[in-house]
Every structure is written in structure tokens, then in C-alpha cells.
Amino acid sequence: DTLWDLAIAEVEKRENPDDDDDVKPGEVWEKSILFMGNKNAGKTTIILRCLEREESPKPTLALEYTFGRRARRHNAPKDVAHFWELGGGTSLVELIRIPITSHNIRSFAVVLVLDLSKPTELWTTMESLLQVTRNHVNKILTKLEKTNPEVGAEIKQRMWNNLQRDHPDYALVDPFPIPLVIIGSKYDIF
């Protein structure tokens, strides 16, 4: 399958919730996403485009929250997306403990936005933000394994299911514990 085929299948799956095993009719689907990365990398701009808002972006102060709602079809409950944005680059990294909790860990994802016009900061920003996030998520998973072992096992199994088992480096891989997207912004300036 090509990327385009996968995208079409995903859209059809979302438009036909009756075929979806995860979401029952009438149930609200919620997802939380944390955007983090370099200062002025374009995190707010990406969020505003996702929400289809025509506002001009303002600098993020510490940790900001917004949400978006959208119905899958007419007269259906609206799905909710929670958008968290960590400002300040790596200086406020300890604030990631606020949005990532044991209650939302199953539906949480991280978007790391790296400013390609600042190549000297790429590696240190990525390494710092991902390491603190990984440590925090692993603490949550350790607690979950004690209180709710099924959920902890499900999350760990899900991250391994996305890997190609017959790949020669399979045994060397340490997958990120929750879904992660890395975006390189300002390529035109780079």
C-alpha cells in the first residue's frame, strides 16, 4: 500500500464509525496531543491550522491548552482533541508532567517540532525533550503496571506492534512509549 492508499483507508474508517471496533456508536472519541520543540519553531501555527483558525500566532507562555471539537457526521456527538503546547523550548521541560497523566496515557501523542533553520540546536533540543518525556511516561507505565496491569501491558504491546519483527535491528530498538511525530519546520529558511 502507498501512503495515499493508507490515508484514504483512514479517512474511510473515520467516516464510517460503524466499522470501527474501538469507538461504539454515540461514544465520544478523545485524543490529547502535546506539541513541544524549539522556541519559535511554529508549534502554535500548526495547532491553529489543525483547528482551522485564522488567528495570528502569539508567543506561548509556559504551557498552553486549547481544544477542538468536530462531529464525524450529522447529529453525532462531537469528537474532542486536546492540544497542549509547551513553550520556552527546553527551559520549561518539567511542565510535561501536567498534560501527560495516567488517565489519558492511552490516548496521548507527542508532536516534536524542530526548527531546521537552527541546526546547532536540533540535536540537543530533541534529545532533551524526548528524554524527559520518555522518563515521565515510563514512570506512569510503571505505576499502571502495579494498579492496572492490563492497561500497562496493552500500551507496551502497542508500541512493539508497530515495528517490523523481521528487521535485523529489531532487538536493538527501544521504541518511544507513546505515539510520536517529529516535524522539521522552516525548511524554506534552512
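Here the side chains of Thr125 and Asp115 are not in contact, with every heavy-atom distance at 4.5 Å or above. Between Phe35 and Thr60, the closest side-chain pair of non-hydrogen atoms is not below 4.5 Å. Counting heavy atoms from C-beta outward, Asn38 and Lys186 have side chains that stay 4.5 Å or more apart. Between Leu129 and Thr90, the closest side-chain pair of non-hydrogen atoms falls below 4.5 Å. Contact check for Met36 versus Leu112: side-chain heavy atoms found under the 4.5 Å cut-off. Contact of the Tyr65 side chain with the Leu63 side chain is not registered, since no non-hydrogen atoms from C-beta on lie closer than 4.5 Å. Looking at Val111 and Ile46, their side chains never come closer than 4.5 Å, going by heavy atoms from C-beta outward. Proximity of Ile155 to Met159: side-chain heavy atoms (C-beta onward) are nowhere separated by under 4.5 Å.
The distance from the NE2 atom of His82 to the CG atom of Asn104 is 8.0 Å, given to the nearest 0.5 Å. Rounded to the nearest 0.5 Å, atoms CG (Leu172) and CG (Asp169) are 5.5 Å apart. Here the straight-line distance linking atom OG1 of Thr101 with atom NE2 of His136 works out to 7.5 Å at 0.5 Å rounding. To the nearest 0.5 angstrom, Ile98 atom CD1 is 9.5 Å from Leu86 atom CG. Summarising the geometry, atom CG belonging to Leu114 is positioned 10.5 Å from atom CH2 belonging to Trp123; distances are rounded to the nearest 0.5 Å. Atom CG of Asn138 sits about 9.5 Å away from atom CD of Glu145, to the nearest 0.5 Å.
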Exercise for review: List the steps, then state whether side chain to side chain contact (heavy atoms under 4.5 Å, CB included) holds for Phe176 with Thr133.
Suggested key: CA-CA 9 Å; Phe176 201 73; Thr133 305; 3.8 Å; yes
Exercise for review: Before giving the answer on side chain to side chain contact (heavy atoms under 4.5 Å, CB included), spell out for Thr66 and Arg53 the whole-Å C-alpha distance, their side-chain angles and the decisive distance to 0.1 Å.
Suggested key: CA-CA 12 Å; Thr66 190; Arg53 293 185 187 161; 3.3 Å; yes
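Across all their heavy atoms, Lys118 and Lys39 have their closest contact at NZ-O, 3.6 Å. Residues Pro179 and Phe108 approach most closely at CD-O, 3.4 Å, considering heavy atoms. Residues Leu34 and Pro99 come closest through the heavy atom pair CD1-CG, 4.2 Å. Heavy atoms only, all atoms of each residue included: Leu92 and Gly87 are closest at CD1-O, 3.5 Å. Residue Ala41 comes nearest to Ser185 through the heavy atom pair O-OG, 2.5 Å, listed as atom of the first residue, atom of the second, then distance. Taking both residues in full, the closest heavy atoms of Thr124 and Glu121 are given as OG1-O, 3.3 Å, listed atom of the first, atom of the second, then distance.
No path of Ile, Leu, Val, Met, Phe, Trp and Tyr side chains, each step under 4.5 Å between heavy atoms, connects Leu61 with Ile96, placing them in separate hydrophobic clusters. One hydrophobic cluster holds both Leu122 and Leu180 under the rule that ILVMFWY side chains link at heavy-atom gaps under 4.5 Å. Under the 4.5 Å side-chain heavy-atom criterion for ILVMFWY residues, a single connected hydrophobic cluster contains both Leu51 and Val113. Val181 and Ile100 are members of different hydrophobic clusters when ILVMFWY side chains are connected at heavy-atom separations under 4.5 Å. In the hydrophobic clustering of this structure, Val132 does not group with Ile33; members are Ile, Leu, Val, Met, Phe, Trp, Tyr whose side-chain heavy atoms approach within less than 4.5 Å, directly or through other members.
Evaluated for a side chain to side chain contact (heavy atoms under 4.5 Å, CB included) with Thr44, the options Ile47, Asn40, Leu48 yield exactly one hit, Leu48.
Enclosure of atom CD in Glu54 is not indicated, since only 12 or fewer non-hydrogen atoms of other residues, nucleotides or ligands lie within 6.0 angstrom. Around atom CZ of Arg97, no more than 12 heavy atoms belonging to other residues, nucleotides or ligands sit under 6.0 Å away.
Under the 3.5 Å distance criterion, the side-chain polar atoms of Arg106 are left unmatched by any main-chain donor or acceptor of Glu154.
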